[in-house]
Number of protein chains: 2
Amino acid sequence: MYFCLNYYYRMTHSEENYLKAIFHLNKGGAKAVSTNALAGQMKTKPSSVTDMIRRLAEKGVVHYKKYQGVSLTEKGSRLALSVIRKHRLWEVFLVEKLSFSWDEVHEVAEQLEHIKSEQLIDRLDKLLGFPKFDPHGDPIPAKDGSLPSGDKQLLSNMPLHSRGICVGVKDSSSAFLKFLDKNRIALGYRIELMEKEEFDSSVRVLVEGEPIHLSHQIASNLYVKKI
Amino acid sequence: MYFCLNYYYRMTHSEENYLKAIFHLNKGGAKAVSTNALAGQMKTKPSSVTDMIRRLAEKGVVHYKKYQGVSLTEKGSRLALSVIRKHRLWEVFLVEKLSFSWDEVHEVAEQLEHIKSEQLIDRLDKLLGFPKFDPHGDPIPAKDGSLPSGDKQLLSNMPLHSRGICVGVKDSSSAFLKFLDKNRIALGYRIELMEKEEFDSSVRVLVEGEPIHLSHQIASNLYVKKI
DNA sequence: ATATAAATTTAGACAAATCTAAAAATATGT
DNA sequence: ACATATTTTTAGATTTGTCTAAATTTATAT
């Protein structure tokens, strides 16, 4: 119990949200996250960010040097992954058990991710059958923080004539999700990449055998799992 | 939507907890709740209670006059019942779906009760089969704030030496119904609660005058109508 | 290289929710 | 009824998370 994550590093909702934001902004590059970028993500002012970063640094969950941006420590990274794990498991619950559609779950999951109970999340995980991906296709971190193998990639990145299963979206705006609906594309559908148009990077694919033409904008927002 | 409860009367977690506490303290008598009693319930200081009460009065959810104690307005009562509804539905969820035992659920439900989403709680209600009582036998308020008729309750929840008529079961598995048959318990029979065992919450009762010892598992699945 | 622009931090303020210590109002006992 | 005890409120401080405005540091452009 002494080494329990939740005992030593008890964070407020707001602190957890900052850790999550730093994690997501840092995902791409290895360099530190800027105060301004974080303010944008958190929809708050840079001065508020500076205040919060100082508190987080005192708690030892971020590395911080004035004017040099911020990055997660080992502890901070573990905490961020634990919040992301909760968020994505709750999203699965909302879709699978409560029939929410995948574009309605985010707001509620933002609240549920802060519920503190290790037992709760472990049992929820079990109830849901230990899912590896959330309804948007994003990987669900395991208890130890490890992410499931990323054999998933954007449709726009797939090699010609390869086949896969649609497992998620990058842009989860309801406009995009509606577009997919209208064009009869959904999670779990088989996709085969037939042709790539050099000129505009659009693609011709078969979705469950049905031919369809997708712009690059669409193809670069659809995750496909190779088979 | 304009008259949606959650839109006009958006309360903080703490405010919701105060409303709940006032509701519970007021349940017995019709007179106002004292500052001290509320401080006891909330495990805080009387001065903090005074501060909070003033805010709640400004929001129009409590009646308050200096030195005269506090009571819920119509609005306040509706809000309190809505929080209690959420708390008890989540308790059912934790016990029924996540295999928590009835004495482990309170702390987690205290957190879950503050999640704001009408859709979430409606769908949870449906998932659980619109339960009327929580795992402790307490009634679950309906959406409109009405409580299920209180003349029926779980045997495990009845006061000592009270008498009633067996009117239903919560668990209607055939295993349970066979057990009842074998022990000569049926709908319409008179039941008198003679003794409660602290240690394992089992009970000794008279069924149509015949003494019998029932485990808590049995007693918490039998509904009795008070007479 | 130096002026200007952009990013970041500091300083000071505010609201929510709490505390302690002291003052005011109410209740109680003989 | 009056002194004392209890309850309740006020006053002033603290923490968290936010803000605006001003100062400072870093980056950019000619």
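What's counted below: heavy atoms across the whole structure, side chains too, no hydrogens, waters or symmetry copies. Lettering follows sequence order; numbering is per chain, from 1.
Taking atom CE of residue A:M52 and atom P of nucleotide D:dT15, one finds them 15 Å apart after rounding to whole Å. Atom pair B:K65:NZ and D:dT9:C1' shows a separation of 17 Å (rounding to whole Å applied). As rounded to whole Å, 14 Å separates atom P of D:dG12 from atom CG of B:D51. Atom CZ in B:R54 sits roughly 16 Å away from atom P in D:dT8 (whole-Å rounding). For B:I53 and D:dT7, the CD1 to C1' distance is 12 Å, given to the nearest whole Å. To the nearest angstrom, C1' of D:dT7 lies 12 Å from CD of B:Q68. When rounded to the nearest whole Å, the span between OH of A:Y67 and P of D:dA27 equals 11 Å. Atom pair B:K45:NZ and D:dT10:C1' shows a separation of 17 Å (rounding to whole Å applied).
B:T73 places a side-chain N or O within donor-acceptor distance of the main-chain N or O of B:G60, the cut-off being under 3.5 Å. A donor-acceptor pair is defined here as one N or O able to donate and one able to accept, closer than 3.5 Å; no such pair exists between the side chain of A:E91 and the backbone of A:A109. A donor-acceptor pair under 3.5 Å links the side-chain atoms of A:K132 to the main chain of A:F130, judged by distance alone. A donor-acceptor contact shorter than 3.5 Å is absent between the side chain of B:R204 and the backbone of B:M194.
Proximity of the aromatic rings of B:Y223 and B:F133 is defined here by a centroid distance below 6.0 angstrom, and this criterion is met.
Contact check, A:S14 against D:dT16: no side-chain N or O comes under 4.0 Å of OP1 or OP2. Under 4.0 angstrom from either OP1 or OP2 of D:dT9 there lies no side-chain N or O belonging to B:S47. For the OP1/OP2 pair of D:dT18 and a distance below 4.0 Å, the side-chain nitrogens and oxygens of A:Y18 include at least one atom meeting the criterion. Here B:K66 reaches the OP1 or OP2 of D:dT10: one of its side-chain N or O atoms lies under 4.0 Å away. Between B:T50 and the phosphate of D:dT9, there is a side-chain N or O to OP1/OP2 separation shorter than 4.0 Å. In this structure, A:R55 does not reach the D:dT16 phosphate: none of its side-chain N or O atoms is under 4.0 Å from OP1 or OP2. Phosphate contact (OP1/OP2 of D:dT8, side-chain N/O of B:N36, threshold under 4.0 Å): present.
Put simply, chain B comes within 4.0 Å of DNA chain C, heavy atom to any atom, from C:dA17 to C:dT26, going 5' to 3'.
Comparing A:T44 and B:S34, the nucleotide of DNA chain D nearest to each residue sits closer to the 5' end for B:S34.
Residue A:S48 is in base contact, counting any heavy-atom pair closer than 4.0 Å across all strands shown.
Between A:R78 and A:E74 there is a salt bridge, with a side-chain nitrogen of the basic residue lying less than 4.0 Å from a carboxylate oxygen of the acidic one.
Using a 4.5 Å heavy-atom cutoff, the side chains of B:Q68 and B:H63 are not in contact.
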